[in-house]
Amino acid sequence: MALLRESETLKALRNTVSDEISRIKDKSQAQDKILEMREVSQRIKGMDEELKQLEEELNGFLLTVPNLPDPATPLGASENDNVLVRTWGEPADYSFTPRPHWEIGEDLGILDFECGAKLTGARFTLYRGAGARLERALINFMLDLHTDGHGYLEVLPPFMVNRESMQGTGQLPKFEEDLFRLVDPEFFLIPTAEVPVTNIHRGEILKKSDLPICYAAYTPCFRREAGSYGKDTRGLIRQHQFNKVELVKFTHPSESAAELENLTGNAEKVLQLLGLPYRVMALCSGDIGFSASKTYDIEVWLPGQSCYREISSCSTFGDFQARRAGIRFREEEKSKPEFVHTINGSGLAVGRTLVAILENGQQEDGSVLIPDVLRPYMGGLERIVSR
RNA sequence: GGAGAGAUGGCCGAGUGGCCGAAGGCGCUCGCCUGCUAAGCGAGUAUACUGGGAAACCGGUAUCGAGGGUUCGAAUCCCUCUCUCUCCGCCA
């Protein structure tokens, strides 16, 4: 701080003296001042270098500091301390033992894990026929619902972004090992549409009257899943590449709490229309993400595994991302810009939704019933049967 | 991939070393004026950090794509990078 003051004082001196020099017609008379300023400039340069280094250290540190949990976020150490908020729907009773989706999908010939591994490696899958069609149907169904039904603006962003974008939403610098990175040029495959969509307004001052701004985006997502070896190795649950429809809102700070509830409700609506039972959990302070201040996870019922699995994560970030990315608005025409709040959530993870449809819609004969709302997107198909 | 042209305020656009945080225009805001509207007139109109003040406000520093260099002094000169545009080639 003191260093900054001194540097600025010297700069002020240099500026005024330089101004005087400019007014001296006879340059020989200005020689002594020029020499003096030459020295001042050297000192400024030294100080600025030091300042820059200090600033870099400070910023580097600040970028690794996580967001503060919202007061409404329950305290806790792990996912075991998450709080059940509500449940919807009843897991069906089966007259047979429900099978996991990887068996159903392989038997129907619509999911080919082996081929995915051949083409690329572990955690990649080839969809075939009705499986590929179902994935596409879900994307379209979700986008139509959120745009026509919930008023979001559809956007289709790049699937790779630069380092600044990753820093704006908080993936970098701390979580580089979770990302796929291209070397030349240095781009990152997005781990979620949250990254490009939130960065749409990076460095902007938004009009208060435009808030909230609501975007819906379909993108594939790419994750290294470092540190998850041996976890969910079978099936579609944990892939290096998966599809997702993401909802993103930029809101006035006073509206963000209510908008998180809205957005979570918008995501839940997808499951309700598909007739898939789910529950909503409030993540505790120990399980919440680095950038989030409050998070609801929506977990869908998977009878093949007799458990609820996360299918959407809806978070408010407060002004955390807005600070990093410089996204602001003005309360009054002339007032100082303030940071907006950002909110986002999956609406929904498409692959996991397909999993839920296979497992919840499975019949004793191995076929799978397609939810009514999806049939128009499936060319009228009501049931997936083995070919 | 080859050749060239650019990047300046909300927008357009001037500015080739000091009088430039930046002409002019548009837009916008406030005021005036005109019996409505349109036109006209006047003033204002970037951001961050920072010093003083209760505040209105006054002062300092930085920012003319980004970073570095030359210089007492850079929007202006030099280097590197990024992006945009035009032409040629290639390509879904």
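Proteins get letters first, then strands, A, B, ... in listed order; numbering begins at 1 in each.
Side-chain N/O atoms of Ser41(A) include one lying less than 4.0 angstrom from OP1 or OP2 on G73(B). Applying the 4.0 Å criterion to OP1 and OP2 of U61(B), one finds that Asn15(A) has a side-chain N or O inside that range. Contact annotation: Arg14(A) does not reach the phosphate of U61(B) (side-chain N/O to OP1 or OP2, under 4.0 Å). Look at Asn162(A) and you won't find any side-chain N or O under 4.0 angstrom from OP1 or OP2 of C83(B).
The nucleotide C64(B) finds no pairing partner, because no Watson-Crick or G-U wobble arrangement with both distances shorter than 3.5 Å includes it. Checking U76(B) for Watson-Crick or G-U wobble geometry (two distances, each under 3.5 Å) identifies no partner in any strand. Figure legend. A14(B) is base-paired to no nucleotide; pairs are counted as Watson-Crick or G-U wobble with both atom distances under 3.5 Å. Nucleotide U29(B) is matched to A43(B) when pairs are restricted to Watson-Crick or G-U wobble geometry with both distances under 3.5 angstrom. In a base pair of the Watson-Crick type (N1 to N3 plus N6-O4 or O6-N4) or a G-U wobble (N1-O2 and O6-N3), with each distance short of 3.5 Å, C87(B) is matched with G2(B). Shown here, C36(B) forms no base pair; nothing in the strands shown gives a Watson-Crick or G-U wobble contact with both key distances under 3.5 Å. Judged by Watson-Crick or G-U wobble contacts below 3.5 Å, the nucleotide G53(B) has no partner. Of all nucleotides present, none satisfies the Watson-Crick or G-U wobble test against U70(B) with each distance under 3.5 Å.
Separating the P atom of A62(B) from that of G67(B) is a span of 14 Å, rounded to the nearest Å. A gap of 39 Å separates the P atoms of C87(B) and A74(B), to the nearest Å. Remark: the separation of the C1' atoms in C12(B) and G27(B) is 10 Å, to the nearest Å.
Within the 4.0 angstrom heavy-atom criterion, no nucleotide atom of any strand lies near Asp19(A). Looking at heavy-atom distances under 4.0 Å, Lys207(A) makes no contact with the nucleic acid at all. If you check every strand for non-hydrogen atoms under 4.0 Å, Lys33(A) touches nothing.
To the nearest angstrom, C1' of G51(B) lies 7 Å from CZ of Arg5(A). Counting to the nearest Å, the P atom of A62(B) and the NZ atom of Lys52(A) are 16 Å from each other. Rounding to whole angstrom units, CD of residue Glu49(A) and P of G67(B) are separated by 15 Å. Spacing between atom CD1 of Ile205(A) and atom C1' of G9(B) amounts to 13 Å, rounded to whole angstrom units. Going from atom NZ of Lys11(A) over to atom P of G60(B) covers 15 Å, rounded to whole Å. Straight-line distance from the CD atom of Glu6(A) to the C1' atom of U50(B): 16 Å, rounded to whole Å. Put simply, CD on Gln31(A) is 13 Å from C1' on U71(B), counting in whole angstrom units. Going from atom CG of Leu10(A) over to atom C1' of G73(B) covers 15 Å, rounded to whole Å.
A residue-by-residue look at Glu8(A) and Leu35(A) shows that Glu8(A) has its nearest nucleotide of RNA chain B further toward the 5' end. Judged by closest nucleotide on RNA chain B, Thr9(A) is the one of Met37(A) and Thr9(A) placed further toward the 5' end.
Side-chain polar atoms of Glu225(A) and Gln239(A) form no donor-acceptor pair below 3.5 angstrom.
Checked for salt-bridge contact, Asp297(A) and Arg279(A) miss the test: no charged N lies under 4.0 Å from a carboxylate O.
Residue Lys336(A) has its side chain nearest to C49(B) when only U47(B), C49(B), G60(B) are considered.
Contacts classified as side chain to side chain donor-acceptor pair (under 3.5 Å) and involving residues 346-357 of chain A (residues at least two apart or in different chains) are not found.
In terms of modelled atom types and a separation under 3.5 Å, the side chain of Ser41(A) and the main chain of Arg38(A) share no donor-acceptor contact. Using a distance-only test at 3.5 Å, with no hydrogens or angles considered, a donor-acceptor pair links the side chain of Gln321(A) to the main chain of Thr169(A).
Within 6.0 Å of CZ in Phe96(A) there are more than 12 heavy atoms belonging to other residues, nucleotides or ligands.
Between Tyr278(A) and Trp88(A), the ring planes lie parallel to each other; the angle is under 30°, not in the 30° to 60° tilted range.
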